[in-house]
Student: 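Here you go, one structure.
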Amino acid sequence: MSEEKKSLNFIEQIIEEDLSNGMKKENLRFRFPPEPNGYLHIGHTKAIGISFGLGEKYNAPVNLRFDDTNPAKEEQEYVDAIKKDVSWLGYQWENECYSSDYFQQLYDWAVQLIKDGKAYVDSQTSEEMAEQKGTPTEPGVASPYRDRTVEENLELFTKMKNGEFEEGEHVLRAKIDMASPNMLLRDPLMYRILKKAHHRTGNDWVIYPMYDWTHGESDYLEQISHSLCSLEFKPHRDLYNWFRDNVFEYSKSAYPLMPKQREFSRLNLSYTIMSKRKLLKLVEEGVVSGWDDPRMPTISGLRRRGYTPASIRNFIETVGVSKRENIIDVALLEFKIREDLNKNANRVMAVLNPVKLVVTNYPEDKEEILIAENNPELDAGSREVPFSRELYIEREDFKEEANRKYFRLTLGKEVRLKNAYIIKGESCVKDDEGNITEIHCTYDPLSKSGSGTEESKRKVKGTLHWVSKKHAVAAEVRVYDRLFSDEAPDGHKDKDFMEFLNPDSLKIINAFVEPSLVSSKIGERFQFQRLGYFNVDDDSTSDKLVFNKTVGLRDTWAKVNK
RNA sequence: AAACCUGUGAUGUAAUGGUUAGCAUACAAGACUUUGACUCUUGUUGUAUAGGUUCAAAUCCUAUCAGGUUUACCA
């Protein structure tokens, strides 16, 4: 075994350092903490890949924790979808946790903080508090309620909990430092009153803990060793530590380990958006058919589009982890799915833009069964494909005449029909408007694929895919293009991302596919030879096949042609 | 403006003071080909800038410049 020294990313380096400084390997524990307020997208797979990847690397447990502290936005539907997506990616969590499971413990600790003079009830409006907050360059000023007595605070907080106040009347604040250069330390809110039913705790609570108070303490309760999140939480780290250090004093015997937060840069993908709020807008305004629309950058959208878990995981691994802002080219994602499908998808023939081809010297009634290899990359066997006198080929594969660069069918030139015969263009039939309605050709009976004859070994420059007209199966093919025409749709200050929507992001095509596909099942993936990779959509039925175009093949001819 | 973070080809990432700055994608040329795919070969562009420390700097120091984050009863 070549012990190639694998370079570590900065998070792995931190862990290695902690380990060499005495942290026990069995104390390593990670978590992925989504808020159930939307569907997971490709950006989340980075966070998932980092924490679950570390779990796999160090054989450490990883919790799936739902950060459900805002009942106004969260729903069970999202919890279910998130679980499905993480599982689909192939990760297994140790425990399914909910921040809401810790509401009582959080409350008890908050009471202790009040008793220690480290938290107080503020009774101002949010506007008043915002005014007192100061700015990055000027310190804030203390709330008039900052020095309430412990007894008063305790009484007020209890009443808040008991529902004796309305939303907005009071909040609980941590008493830290109104002059801190870190705005988050200027007496941050710990609790607010929210009279909304929670998807798990129902109406048990009318006060809900804020993110900063909840998140770190949830990490602490679960004894997470490394709490990994994206860069925008960097300023929260001081607060994370403040809460953690205080609570640790109350509970160190029960919970002896202190987690630490570290931050990495989030993933951005060109030609798409990653904000849950904006994705929700696309769904709500009907721009897409739902969270799982194949054009969406959601995991469910990619799944429906035909992406494999392996391709997404490879993508994340290749992207790496760092602390700098980045925009990753979608071409890399597309490369990863092609790489996977090239190896694993069976090849079939389908014609998306059909024109009739008549083999004039082929007997009218004759039908032949030809053998086609399923996947040259794999030992995947072969299948039978019917051939007859009348076929469909792609309209783009014929020109009456063309230059030497054009390898396809022209009048007087030979090409091979994949898995079948070599044919020669003879003539074509046009309608009144000059559109080609039928192409006539002749075939060389001795040139049959795999027959071993001299004629069959003849080199011809072009090979076309085709389907037999009589045996062809009609199918709907949904061809997708990028949802946005701009590389960074939400990166413009003066323009809304909706302005960059690509009007041609979905084309519905009535195509003909080879008969072997009638038995294909939802989710199955194929390479339509010379076209791209396609999968069977959820909408597909035995009466009406529906395919999604996952991604096209690399097409150097299209580039030359431009 | 303040504090904090970040600057390596077109994109992403590696090199942890010690070879001609590596890998992947992208792009280009060629070979192969019953997929203009795949595969293979070759090539293209890079350490933000200016100083300094050192025998030696992408790496350490200083300044400058550029970008990002923070001023929610969201997470």
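Chain naming here is simple, since letters A, B, ... match the order of the sequence lines and numbering starts at 1 in each. Model, not experiment: these values are computed from the prediction.
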Student: Under a 4.0 Å heavy-atom cut-off, which of residues 182-200 of chain A touch RNA chain B?
Tutor: A/Met183, A/Leu189, A/Arg192

Student: For the atom pair CG (A/Leu409) and CZ (A/Arg416), what is the distance rounded to the nearest 0.5 Å?
Tutor: 14.0 Å

Student: If I take atom CG in residue A/Leu333 and atom P in nucleotide B/U11, what distance separates them, rounded to the nearest angstrom?
Tutor: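 About 18 Å, once rounded to whole Å.
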
Student: Figure out the CD/P separation between A/Gln261 and B/U69, and round it to whole Å.
Tutor: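 Distance check: A/Gln261 CD to B/U69 P gives 17 Å.
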
Student: So what does A/Ser270 touch, heavy atoms closer than 4.0 Å: a base, only the sugar-phosphate, or nothing?
Tutor: nothing

Student: Can you list every salt bridge (charged side-chain N to carboxylate O under 4.0 Å, His left out) pair that touches residues 122-136 of chain A, not counting sequence neighbours?
Tutor: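 Applying salt bridge (charged side-chain N to carboxylate O under 4.0 Å, His left out) to every pair that reaches into residues 122-136 of chain A, excluding sequence neighbours, yields A/Asp122-A/Arg173.
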
Student: What integer number of Å spans the C1' atoms of B/C27 and B/G9?
Tutor: 12 Å

Student: Using a 3.5 Å limit on both distances, find every run of at least three consecutive Watson-Crick or G-U pairs that involves RNA chain B.
Tutor: B:2-7 with B:65-70, B:10-13 with B:22-25, B:26-31 with B:39-44, B:48-52 with B:60-64

Student: Between A/His215 and A/Gly134, which is nearer to the 5' end of RNA chain B once each is assigned its nearest nucleotide?
Tutor: A/Gly134

Student: Taking only residues two or more places apart in sequence, or in another chain, which ones meet A/Asp18 in a side chain to side chain contact (heavy atoms under 4.5 Å, CB included)?
Tutor: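 Scan of A/Asp18 (side chain to side chain contact (heavy atoms under 4.5 Å, CB included), adjacent residues dropped) gives A/Ile14, A/Met23, A/His226, A/Lys260.
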
Student: Given B/A2, is OP1 or OP2 found less than 4.0 Å from the side-chain N or O atoms of A/Thr135?
Tutor: no

Student: Let me spell it out: for each of A/Glu325 and A/Ala130, pick the nucleotide of RNA chain B with the closest heavy atom. Which residue's pick is nearer the 5' end?
Tutor: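 Result of the comparison: A/Glu325.
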
Student: Mind checking A/His236 for me? I need base, sugar-phosphate or nothing, with any heavy atom below 4.0 Å counting as a touch.
Tutor: base

Student: Please report, rounded to the nearest Å, how far the P atom of B/A75 is from the CD atom of A/Glu217.
Tutor: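 Those two atoms, CD and P, are 14 Å apart.
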
Student: According to the interplanar angle, ranging from 0 to 90°, do the rings of A/Trp291 and A/Tyr78 count as parallel (below 30°), tilted (30 to 60°) or perpendicular (above 60°)?
Tutor: perpendicular

Student: Would you mind reading off the distance between A/Glu263 atom CD and B/A75 atom P, rounded to a whole angstrom?
Tutor: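 After rounding, the gap between these two atoms is 18 Å.
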
Student: Select base, sugar-phosphate, or nothing to describe what A/Glu334 touches, counting heavy atoms under 4.0 Å on all strands.
Tutor: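 Contact class for A/Glu334: none.
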
Student: Given A/Phe547, which partner from the list A/Tyr533, A/Phe528, A/Phe534 fulfils the ring-ring contact (aromatic ring centres under 6.0 Å, His included) test?
Tutor: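 Among A/Tyr533, A/Phe528, A/Phe534, the one meeting ring-ring contact (aromatic ring centres under 6.0 Å, His included) with A/Phe547 is A/Phe528.
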
Student: Once side-chain hydrogen bond (donor to acceptor under 3.5 Å, both in side chains) is applied, do any residues pair with A/Tyr98, and if so which ones, sequence neighbours excluded?
Tutor: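 Partners of A/Tyr98 under the side-chain hydrogen bond (donor to acceptor under 3.5 Å, both in side chains) test: A/Glu96.
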
Student: Over how many whole Å does the gap from A/Leu279 atom CG to B/A75 atom P extend?
Tutor: 20 Å

Student: Please encode protein proximity along nucleotides 17-36 of chain B as a string of B, S and -, counting only heavy-atom distances under 4.0 Å.
Tutor: --------SSS-----BBBB

Student: Which class fits the ring pair A/Tyr208 and A/Phe103: parallel under 30°, tilted 30 to 60°, perpendicular over 60°?
Tutor: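 If you compare the ring of A/Tyr208 with that of A/Phe103, the planes turn out perpendicular.
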
Student: With a non-hydrogen cut-off below 4.0 angstrom, is A/Ser322 in contact with a base, only sugar-phosphate, or nothing?
Tutor: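 Counting heavy atoms under 4.0 Å across all strands, the contact made by A/Ser322 is with sugar-phosphate only.
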
Student: Roughly how many Å is it from NZ in A/Lys276 to C1' in B/A75, rounded to a whole number?
Tutor: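 Computing the A/Lys276:NZ to B/A75:C1' distance gives 8 Å.
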
Student: Which part of the nucleic acid, if any, lies within contact of A/Val171, taking any heavy atom under 4.0 Å across all strands shown: a base, the sugar-phosphate backbone alone, or nothing?
Tutor: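 Base: the residue A/Val171, judged by heavy atoms under 4.0 Å, touches a nucleobase.
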
Student: Looking only at the aromatic ring of each residue, does the gap between the centers of A/Tyr392 and A/Trp466 stay below 6.0 angstrom?
Tutor: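 Centroid distance A/Trp466-A/Tyr392: not below 6.0 Å, so no.
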
